[in-house]
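Along the sequence shown, the residues carry numbers beginning at 1.
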Amino acid sequence: MMTLPRIVVIGMGGTIGMVRGAEGALHPAASVGELLGQVPAAARYAELSLLPLASLDIAFLIEL
């Protein structure tokens with residue numbers, strides 16, 4: 001049996017941290033797990049660990 005690579009997914013928010021809601025609009029994912037739920041096949045290729053670090057809006061990042 002092949003050992004899968006281990007990947008830590010760090011949640012920081014921003015555009016990539018968005019999911020499409022039932023109404024079709026994008027909104028911030030409630031968690032890194034919700035975001036990864038959008039790509040369930042990822043678990044076939046790697047052992048994923050989730051690390052929610054922040055939930056930053058792009059407006060905050062621009063000011064940095």
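- Considering all non-hydrogen atoms of both residues, I7 and A46 come closest at CD1-CB, 3.6 Å.
- When all heavy atoms are compared, the tightest approach of L48 to A43 is CD1-N, 4.4 Å.
- Linking ILVMFWY residues whenever their side-chain heavy atoms come closer than 4.5 Å, directly or via other members, places V39 and L50 in the same cluster.
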